[in-house]
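Inspection log for the structure reproduced underneath, given as structure tokens.
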There are 2 protein chains.
Amino acid sequence: MDWKNKLRNAGYRITDAREQMMDLLINTQTALSPMQIHKALAEQGSQMGLVSVYRNLAVLQENDLVCMVFAPDGSAAYTAGGIGHHHHVLCQRCLNSASFEGCEGFADLIQEIEAQTQFKVQGHLLQFYGLCSECQKNEIHV
Amino acid sequence: MDWKNKLRNAGYRITDAREQMMDLLINTQTALSPMQIHKALAEQGSQMGLVSVYRNLAVLQENDLVCMVFAPDGSAAYTAGGIGHHHHVLCQRCLNSASFEGCEGFADLIQEIEAQTQFKVQGHLLQFYGLCSECQKNEIHV
DNA sequence: ATGCTTATTGAAAAATATTATCAATAAGGA
DNA sequence: TCCTTATTGATAATATTTTTCAATAAGCAT
Ligand SMILES: [Mn+2]
Ligand SMILES: [Mn+2]
Ligand SMILES: [Zn+2]
Ligand SMILES: [Zn+2]
């Protein structure tokens, strides 16, 4: 199901603002901050307020149409997509973002942690940082 | 080496503010936000300004005396300790925090990710969320 | 196509969170 | 005890996120 129907089925309306944001995020490799999203849309002629960017990011995130990731500096950035449980690798230079699945390998680690800490583990936060293929090239000449 | 010498060796001074903050964090199981640290110290008579809390958290973090963790809502919180590479489990109810090592198991996963995404992985962000032993008890009666 | 209902928007302000300035203070070595 | 200078508190400045509210427009029912 495409994102429009997904939103519609959840009772939300398809607005220009949401289309612009989704188009932008879908066509952008790098994760974008709310401010960057606002600026990018303004540059392509949109009048959308920053407030609507925040509001719609919340809506889109609730409906699993965008993912929030943590930039290396700890700030939040957003990227399109995200069906099912998955995680992200972020380029620490350009914020290029890719996703991957396969954190089942945690099962053993979780058991250890639960035994050691007496916690009951229920979820996790996982991201990898590194260099995307583009930035690896540039890195060579440093 | 204790935290005072660690700071001293790095050229920092041992101040009341830093002592108060370290004492508080060392004696607190739960991760605390800058605001919570400020409030807790104020309640025990300290005049320290919130600004100094921020400043000293930065210093203490640089010197590996405190760790920053992400609360379930994405906000930053701080907890004492942290020798060497390690990660944290956070109680999503009370922010109780415990640490663990042992993310070597990532080696395989990283290889897969690098193959799939063409990224060169250089670091990671990992935290587990769950319920601490205390909160597990209370959870039963919900 | 037209009107109706109400979710959504933009503008503005408010609330939070974080950082910068600067004179006064105090840590630590001489 | 004195000196140097890192550190502090007070204040202001930025930056980030949320709230309010009247105007607008999406989508459904005529
Ligand atoms: Mn995703
Ligand atoms: Mn730690
Ligand atoms: Zn890159
Ligand atoms: Zn707990």
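Note on naming: letters A, B, ... go to the chains in the order of the sequence lines (proteins, then strands), and numbering restarts at 1 for each one. Owing to the predicted nature of the structure, the values given are computational and were not obtained by experimental measurement.
- When the C1' atom of dT18(C) is taken as reference, atom CD of Gln36(B) falls 17 Å away, rounded to whole Å.
- For the pair Gln47(B) CD and dA26(C) C1', the computed distance is 16 Å after rounding to whole Å.
- A salt bridge is absent between Glu134(A) and Arg93(A); no separation between the charged side-chain nitrogens and carboxylate oxygens falls under 4.0 Å.
- Comparing Ser52(A) and Tyr54(B) along DNA chain C, the residue whose closest nucleotide (by nearest heavy atom) sits nearer the 5' end is Ser52(A).
- In summary, the aromatic rings of Phe128(A) and Phe100(A) are positioned with their centroids under 6.0 Å apart.
- With rounding to whole Å, His38(B) atom NE2 is found 13 Å from dA17(C) atom P.
- Partners of Asn5(A) according to the side-chain contact (heavy atoms from CB on, under 4.5 Å) rule, which considers only residues two or more places apart in sequence or in another chain, are Met1(A), Asp2(A), Arg8(A).
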Subject >> Heavy-atom protein contacts under 4.0 Å, nucleotides 19-30 of chain D, coded B base, S sugar-phosphate only, - none >> reply: BB----BBS---
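- With distances taken from any side-chain atom of Leu50(B) to the nucleotides dT18(C), dT9(C), dT8(D), the minimum falls on dT18(C).
- One can place CG of Leu7(A) at 13 Å from C1' of dT8(C), the figure rounded to the nearest angstrom.
- The interatomic distance linking Met35(A) (CE) with dA17(C) (C1') rounds to 13 Å, in whole Å.
- Look at CG on Asn9(B): it is 19 Å from P on dA27(C), rounded to the nearest Å.
- If you measure from atom CG of Asp73(A) to atom C1' of dA17(C), you get 15 Å, rounded to the nearest angstrom.
- Checking His124(B) against His85(B) by side-chain atom types alone, a donor-acceptor pair falls below 3.5 Å.
- In terms of heavy-atom proximity, Phe119(B) sits nearest to Cys91(A) at CE2-N, 3.4 Å.
- Nucleotide dT8(C) holds its C1' atom 13 Å from the CG atom of Leu60(A), rounded to whole Å.
- Separation of the Phe106(B) and Phe106(A) ring centroids falls under the 6.0 Å cut-off.
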